Protein chains: 2
Amino acid sequence: MARGQARGTVRRRLERPREQVLEAAMEAIAEYGPAEMTMAELARRVGTSGGHVLYYFGSKDRILLETLRWSEEKHVPGRAALLAAGGSAMDRLPAFVELYLPEGAADPRWLLWVHVWGRTLAAPELRDTQAELDLAWHRDLVALLEQGARGGEFAPADLPGFSVRLRAMLDGFSTQIVIGVPGVTREGSLAHAMDYARQALGRPG
Amino acid sequence: MARGQARGTVRRRLERPREQVLEAAMEAIAEYGPAEMTMAELARRVGTSGGHVLYYFGSKDRILLETLRWSEEKHVPGRAALLAAGGSAMDRLPAFVELYLPEGAADPRWLLWVHVWGRTLAAPELRDTQAELDLAWHRDLVALLEQGARGGEFAPADLPGFSVRLRAMLDGFSTQIVIGVPGVTREGSLAHAMDYARQALGRPG
DNA sequence: TCAAAATTTTGAATGACATTCAAAATGATC
DNA sequence: GATCATTTTGAATGTCATTCAAAATTTTGA
């Protein structure tokens, strides 16, 4: 996974340069958006030079991709807790969806997703990481659903298929939320998603 | 709608400059993608100067937005025919979905959608047109569904709500198709969408 | 038909950027 | 502590969208 950034070498000036840069990138993205975040500004924030940031990460695309990964990783514990919590899966599903959706318009994590989508054809090396991050959500959603199925909460169904469909729907809503389409909210999107989920997974009887 | 481009003035050099530019833009986007299409290249294609294209359209954002509109307009007749065709709405729904989805990876219409999403926060003037184009799909989908409901094909339900959910799902699939996520295809996405539709609109009885 | 007025068209700046790179600084190794 | 490897810098480079003043062309009104 790592690529030479962390192979045992000791750092000189910057403490945890990777962390620092990604954190600064996230802040800059929250302020300006991914396209408007410049190497110079990012360098200024971590107290180094633009050239150095690029020496370290290789390209702006890679910085943004690593920032997306870093931002996605923050959700892992929350999802794990949700999976471990026990109880009704259907009752936990809204919390899962809430983790998935953007916090609101201009949520930096989702700004990154949309930005990275737009860069993927030109920079196909972005694809693997996206697939990997997506798979993490898929796995955990399917795991949650399987808990529900095992517990008899809903009829045995094509759970992975449902996960694919639900996440596609959530991607659509998330896109609209993050770019600020008027009238599309986190709450409304959650309601839509749960409407679909209840219909698709409805009680066995 | 028009803004001074077409208020009765006679054109000089270029015949139908708007059409020509948008057509050329579409071709360039199909070849390079929206971000990589340069003003210089676009100008070359229509035999004018980069400065002129911008004099005419104001900004690259506006060109891309107008190109998206132009590209969307091509779907209007197809949708209208579908609505006028009569017969089972559920049977016509797949054709609607096929119109909605990208033709495949790198479909220029969908490259434009994704690109415009990414520009929307920085250029909020893009929002109205997006909403307008989206509304056209929504209206026609609801109209098709209402035909089905009137014909007793499915139980009376929240048709507009279903349209919102289905199109969110289709947006999610379309994004993945257009950026070339491996394994996500037009056919699979159609099947997913119809799976949802049948479940949500299933027979009254 | 012609001259002023209006519009279009050009192409050369401008200013922002990501990226590259050679040189300088710093740290590791023996 | 001298050599080697790595990191860091900051000044080019090259690519763009965008701007703008000047030139070309068309329209208008007599």
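To find a chain, count down the sequence lines: A is the first, B the second, and so on, and within it residues start at 1. All values below come from the heavy atoms of this structure, side chains included, with hydrogens, waters and symmetry mates left out. Given the structure is predicted, the values throughout are model-derived calculations rather than measurements.
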Per nearest nucleotide of DNA chain C, the residue lying toward the 5' end, Thr38(A) or Gly51(A), is Thr38(A)

Separation of dT6(D) atom P from Tyr56(A) atom OH, nearest Å, is 14 Å

Between CZ of Phe57(A) and C1' of dT7(D) the distance, given in whole Å, is 14 Å

Rounded to whole Å, CZ of Arg44(A) lies from C1' of dA18(C) at a distance of 18 Å

Between NE2 of His52(B) and C1' of dA12(C) the distance, given in whole Å, is 17 Å

Ile63(B) CD1 to dC16(D) C1', in whole Å, measures 13 Å

Determine, for Glu41(A) against Arg44(A), whether the closest basic-nitrogen to carboxylate-oxygen distance falls under 4.0 angstrom.
yes

Original post:
Which part of the nucleic acid, if any, lies within contact of Ser49(B), taking any heavy atom under 4.0 Å across all strands shown: a base, the sugar-phosphate backbone alone, or nothing?
Top reply: base

Taking a pair to mean Watson-Crick or G-U wobble geometry with both distances below 3.5 Å, dA30(D) pairs with dT1(C)

Leu54(B) atom CG is separated from dT10(C) atom C1', nearest whole Å, by 13 Å

Q.
Is it the case that the side chain of Arg18(B) and the backbone of Tyr56(B) share a donor-acceptor pair, with hydrogens and angles ignored and the cut-off at 3.5 Å?
A. no

Task: Glu66(B) side-chain N/O to Leu22(B) backbone N/O, donor-acceptor pair under 3.5 Å - done: no

note: Leu42(B), atom CG; dA17(D), atom P; distance rounded to Å ~ 9 Å

Closest of dT9(C), dT10(C), dT18(D) to the Tyr55(B) side chain is dT9(C)

Picking from dT19(C), dT10(C), dT18(D), the nucleotide nearest the side-chain atoms of Met39(A) would be dT19(C)

| said: Between the side chains of Arg109(B) and Glu103(B), is the shortest nitrogen-to-carboxylate-oxygen separation below 4.0 Å, so that they form an ion pair? | reply: no

Lys60(B) atom NZ is separated from dC16(D) atom P, nearest whole Å, by 9 Å

